[in-house]
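From a predicted model like this one, the values you see are computed outputs, not experimental measurements. These numbers come from the heavy atoms of this one structure, side chains and all, not from hydrogens, waters or symmetry mates. Below, chains carry the letters A, B, ... as their sequence lines are ordered, and counting in each starts from 1.
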Amino acid sequence: MSAIPRRDLLRGAALLTLGGAVSQLTLTGCGSDDQPVGSSKAGPQGQVVVWMHEEPANTKYFNAKIAEYQKKYPKVTIKPLYVPIANLDTKLSTAFTTGAPPDLIKVGAWTLAERASKGQLAPLAPADFGVGSLDQLKSRFEANAFAALTYENQIYGTPIDFNSVHLWYRRDRFEQAGLDPDKPPTTWEQIAEFSQKLTNADASKVGLQWQLADNIWAMLNFIPLIHGLGGQIIDESSRRGMLNTPEGIKALEYYGSLGNPKLSDPVGAFGLFAKGTSAMLMSGRFTSSLIPAINPEAKLGKTFDSAIVPSWEGKEKVAAGYSWGWMVAKKAKNPFTAWHFINWLTEGDNVDQQLSATGLVTPTAGWQKLASASDKASQQLEEQIPYTDFGPVLPQWTETIKALLDSLESVIHKKQDAKTAATAFDDAVGRILK
Amino acid sequence: MTDGIRVEQVTKRYGNQVLFADIDLHVQDGEFLVIVGPSGCGKSTLMRIVAGIEPVSSGRVTVGGRDVTHAHPGDRGIGMVFQDYALYPHLSVEGNLAFGLRAHHVPKDVIRQRIADTGEALGLTDQLKKRPGQLSGGQRQRVALGRAMIREPAAYLMDEPLSNLDAALRVQMRAELIEFHRRTKGTVLYVTHDQVEAMTMGDRVAVLNEGEFAQIGTPTDIYERPATVFVATFLGSPRMNLLGATVRPFEEEVELTSGELTWRLPRKGLPADLPESVRIGFRPESVHMRVDDGTPAYPLAATVSYRENLGNESILHLRDSTGRAIVARLPPRTGPRDGEPATFQVPLADLHLFGPDGRACWHGIELAADGQPLPWSA
Amino acid sequence: MSTVEARAGAGLAAPAIVYFVLFWALPALAALYLSFTSYDLSGTPQWVGLDNYRQMVTSDEFWSSAWVTLLYTVFAVGPTIVIALVVAVPLAKPGRFRAWLRGLIFIPAVMPLVGATVLWQVIYSTGGLADTIAQAAGVGARPWLTDSDYAIWALLVMVIWKYVGLYVIIFVAGLQALPANVFEAAAIDGARTLRTFFLVTVPLLRRTFTFVIVVAVTGAMQSFVPAYLLTKGGPVNATQVLPLYLYNNAFSYSRFGYASAIAIVLLVVLLIFAFTQFTLVRSDEE
């Protein structure tokens with residue numbers, strides 16, 4: 001009898017401590033072969049386990065779509081699991097580590113590189129989509145739709161909940177400050193100027209308020225500033241932090257000069273904007289429905305409005321965006337059926353239905369012409385897509401962006417000057433990416 | 001210090017339940033008064049009212065002539081000894097003794113001197129640095145007594161202080177407490193359910209039953225002239241024999257009939273309004289083997305059901321001809337064998353008569369006090 | 001000892017041993033091993049020797065987190081215990097109204113932390129209840145959660161509010177188990193409320209204190225959920241307690257080796273603390 005290698009035993013024990021997934025351990029390597037597995041020849045069949053985060057409107061829509069799909073393809077069973085958003089990534093990590101991941105997942109694209117680098121995800125195969133090449137698949141979507149889903153030249157997911165951040169502003173606050181609400185600022189210089197006019201003496205009311213204290217939003221607010229100046233956060237080829245550059249420092253200084261970081265609201269910058277405490281906000285398309293949900297008195301087009309992302313004077317526009325993605329686990333038992341289902345979700349008027357029911361954009365080509373995309377914010381999103389940047393695609397994304405957040409917070413809270421904070425970030429990146 | 005402890009018209013209620021109403025008690029200066037009674041009779045509560053741990057519902061309490069009804073327990077001039085010692089477990093013997101003095105801001109050198117004196121008086125000198133947990137039960141009780149003594153109170157309250165000790169130690173501590181009282185001449189209010197303690201320690205005994213004092217008197221008084229059936233049966237072990245009887249005048253005498261038994265008492269000395277139906281009581285030690293010496297006597301024929309040999313005496317459980325149980329206490333190795341019929345007798349002077357309300361109407365000892373010859377009964 | 005007895009003894013001890021090995025010794029050993037490796041949950045851990053520890057002691061973020069944890073522990077445990085005890089003494093006495101109050105004060109302890117945190121975010125928001133109270137008190141509105149000098153104290157107030165009820169209940173149980181006679185003896189000895197509290201109640205509660213301090217300190221040193229939920233460790237990491245730093249490294253950055261090294265340091269500190277505390281009590285009893 002050969003003894004279990006000590007190292008493996010310890011690893012198992014570590015998972016007990018760290019993941020708490022005791023039952024999952026026993027499932028490892030016990031893949032059942034009794035289910036029929038779909039293929040392009042046999043058609044979709046068998047079971048697909050799908051995990052995503054819990055969100056009431058989406059859960060309702062998705063359950064209805066599963067029923068519809070299963071009616072059409074009776075040999076398929078889709079088993080969804082809705083996880084609270086704060087637990088999703090940890091739960092997935094545990095499931096992947098113990099070797100029993102779901103077949104299909106919906107996660108933020110910024111976590112894709114980490115999962116792909118660990119070999120957890122299967123790259124897209126043209127056959128699963130009934131196409132001859134991936135270019136054929138890509139042509140069904142917006143040009144930039146796969147930027148956030150590509151790691152080391154391999155595509156690992158299809159886009160869902162696609163967003164580009166633009167400017168939101170309070171018409172009422174503009175009018176009070178003597179600014180024309182039909183002429184929102186178009187440059188960062190104007191934003192600064194407007195902000196000054198919109199800020200009162202004790203800064204209890206401000207102009208633009210950044211989305212503070214949050215990883216992804218820190219990045220989404222900062223990218224247009226630094227990329228718009230021609231700089232970048234990190235150089236992906238040399239894996240070096242690039243904040244300690246003239247562009248980086250200027251962007252940091254600008255970031256630190258706007259808003260009041262001491263303002264506090266349970267729903268953060270959204271809440272401040274909804275109440276009119278701040279007059280401008282950098283956010284996505286969903287903001288149009290979120291703000292009235294927080295404050296029913298705030299009416300789109302009347303109290304608040306949206307505009308294209310500003311640019312630096314004389315420079316090109318850069319927007320920041322994010323996407324979520326559908327991804328299939330490398331160990332998935334039924335990848336064909338999983339992708340068949342996702343593909344079906346983009347067919348017919350499903351994209352239109354999804355957008356009106358859940359507000360989630362699937363950027364199929366021509367999506368902007370759908371009835372549900374006729375609103376201003378959707379059109380602005382569509383306009384921005386070509387120059388939208390999705391940030392670095394890095395396995396160490398979370399840690400890198402936390403370092404960026406730390407530096408941004410240090411500057412805006414006046415704990416460090418821009419130069420020191422920039423150096424701290426570049427040092428941190430050196431450590432993280434070494 | 002004068003006047004000891006007075007409890008005047010004290011009532012204690014818990015919600016609607018009245019524990020006792022308008023009760024009075026006077027412990028004279030220098031007196032050792034024992035309250036005895038069954039559990040739940042209110043004796044501990046009464047003591048706690050005197051201590052100030054329980055508030056009165058109404059009435060007045062004085063200690064040393066001072067009204068302390070609403071005074072803080074620490075300001076009543078009392079020292080208390082608890083059943084389970086209630087020592088401060090985290091303090092040394094010294095610390096326990098000094099606690100009350102410190103609370104009253106007694107100067108340090110005085111405290112030191114008093115600890116030394118008290119320690120010596122109670123034989124605790126070698127134990128002063130120890131914690132209560134390191135002491136024996138007797139030593140702990142001495143510390144508890146010392147803690148009460150050291151403040152030189154106007155009165156002592158002792159709440160069943162010996163009941164946690166084993167039998168041998170209890171006898172020893174009983175003697176020590178009697179000695180302590182003789183030496184200090186302190187006023188002591190002592191609560192116990194143990195009749196031996198009541199009889200041996202008290203200058204006077206107060207028998208408390210269901211919130212009322214059934215009798216207050218000297219131990220002898222209470223034993224020889226129990227005021228009620230309750231007092232008669234509560235004190236004395238085994239308990240007093242009680243037999244129902246009917247009363248009928250018979251010439252110059254009074255005839256009592258109980259089953260097949262008949263007694264005749266001289267009318268003189270008996271109350272005139274003796275009820276028709278009474279209970280006749282006599283203590284087990286009053287039952288003797290019949291001695292046929294020619295004196296007039298009423299024999300008691302009975303059979304021994306079983307006996308308890310206690311070494312120094314024998315307790316005989318008898319049945320008379322009508323099947324009634326009678327207990328007799330005889331010297332060891334005397335009396336008939338089990339199952340054997342025999343004849344007993346009880347001196348008339350040892351009889352007690354109780355009316356239907358449970359109150360005593362006559363005690364045979366009155367005959368002796370009258371200088372009458374003592375005829376035998378039954 | 002006979003073989004039968006030995007076997008029976010081993011049999012009876014087996015569940016405890018299995019439990020200890022499976023749920024304590026093995027995970028602890030695994031964490032110790034991982035602390036000398038670089039491991040991201042994929043592939044096998046790579047042995048890196050003392051690298052993680054070296055990185056730890058040179059990391060400003062680690063030391064800042066350690067300092068925040070120290071502050072958090074001292075100022076969560078101290079006031080919680082003092083407040084809990086002061087509240088528990090009157091509440092320990094019998095009575096229906098007191099039982100009702102005991103139930104009331106326990107409510108925060110059974111409230112889900114997520115809900116409680118949202119409540120406090122509303123309280124602390126600009127113009128919220130905390131600002132209203134501070135203005136009424138003449139202090140003026142403050143950026144409770146958004147200023148790195150205030151956030152830790154705001155967090156502590158929430159944490160104390162959340163857990164004080166639990167310790168009140170523990171103290172009430174401890175107080176109710178104390179011999180009533182000793183307090184009566186103290187009253188007869190002339191001790192009033194304060195003297196009784198400091199010279200009788202507090203020393204008699206020594207065992208409860210030990211228990212409460214060990215539970216509270218180990219709890220505080222391992223606690224990260226309140227900070228995670230209320231402030232996400234910010235602003236500028238001002239509320240990033242060590243366990244949150246550990247959590248971020250493990251589950252956000254997949255740096256399980258480094259996180260394990262932090263866990264080992266925490267474990268050692270906690271063991272030293274608990275051991276010292278229990279040793280002190282034992283020596284006190286002898």
Side-chain angles (χ1 to χ4, degrees), chain B residues 14-15 44 47-55 63 68 71-92 95-106 131-134 143-151 153 155-161 164, chain C residues 81-82 85-86 88-90 92-100 170-171 173-214 277-286:
Chain B
Y14 291 109
S44 283
M47 170 164 282
R48 291 160 66 81
I49 283 173
V50 174
I53 301 165
E54 292 273 356
V63 175
V68 296
H72 186 271
D75 297 338
R76 296 186 169 212
I78 49 155
M80 184 155 168
V81 182
F82 292 84
Q83 177 178 348
D84 53 6
Y85 325 124
L87 298 176
Y88 309 116
H90 57 290
L91 298 178
S92 64
N96 270 277
L97 295 177
F99 191 94
L101 298 178
R102 289 196 182 124
H104 286 87
H105 308 292
V106 174
R131 296 264 179 99
Q134 299 164 294
V143 177
L145 182 61
R147 184 174 62 179
M149 274 169 67
I150 199 163
R151 286 178 42 224
Y156 294 92
L157 307 178
M158 302 191 184
D159 187 3
E160 309 222 14
N164 273 20
Chain C
I81 290 182
V82 171
L85 187 57
V86 168
V89 168
K93 290 170 186 148
R96 201 178 302 170
F97 179 62
R98 292 196 171 93
W100 187 77
I170 296 175
F171 274 125
L175 285 164
Q176 286 177 340
L178 296 183
N181 274 352
V182 175
F183 290 91
E184 291 162 4
I188 289 168
D189 265 345
R192 305 298 160 99
T193 314
L194 282 183
R195 181 176 285 267
T196 308
F197 179 78
F198 285 110
L199 296 185
V200 183
T201 312
V202 171
L204 286 187
L205 278 176
R206 198 184 55 240
R207 277 166 179 281
T208 311
F209 267 112
T210 310
F211 173 75
V212 159
I213 289 173
V214 169
Q277 190 70 16
F278 283 119
T279 312
L280 279 178
V281 169
R282 210 172 299 137
S283 69
D284 195 37
E285 278 167 359
E286 274 157 12

Quiz item: Who among B:His72, B:His104, B:Met80 has the most heavy-atom pairs with chain C under 4.5 Å?
Solution: B:His72
Exercise. Return yes if some donor-acceptor pair links the side-chain N/O of B:Gln83 with the main-chain N/O of B:Pro161 below 3.5 Å, else return no.
Key: no
Quiz item: Are C:Asp189 and B:Arg151 close enough, and set up right, to give a salt bridge (charged side-chain N to carboxylate O under 4.0 Å, His left out), and what steps lead you there?
Solution: CA-CA 8 Å; C:Asp189 265 345; B:Arg151 286 178 42 224; 3.5 Å; yes
Exercise. Could you look at B:Arg76 and say if it's the side chain, the backbone, both or neither that has a heavy atom under 4.5 Å from chain C?
Key: neither
Self-check item: Heavy-atom side-chain contact between C:Phe171 and C:Val89 under 4.5 Å
Solution: no
Quiz item: Residues of residues 84-91 of chain B under 4.5 Å from chain C (heavy atom pairs)?
Solution: B:Asp84, B:Ala86, B:Leu87, B:Tyr88, B:Pro89, B:His90
Quiz item: Would you find a donor on one side and an acceptor on the other, under 3.5 Å apart, between the side chain of C:Arg98 and the backbone of C:Pro90?
Solution: yes
Quiz item: Heavy-atom count around C:Phe198 CZ within 6.0 Å, excluding the residue itself: above 12?
Solution: no
Quiz item: Hey, does B:Val68 have a side-chain heavy atom less than 4.5 Å from the side chain of B:Val50?
Solution: no
Self-check item: Greatest number of heavy atom pairs closer than 4.5 Å to chain B - which of C:Ala186, C:Pro179, C:Ala180
Solution: C:Ala186
Practice problem: Sequence neighbours left out, what passes salt bridge (charged side-chain N to carboxylate O under 4.0 Å, His left out) with B:Asp159? Give chain and number order. | Solution: none
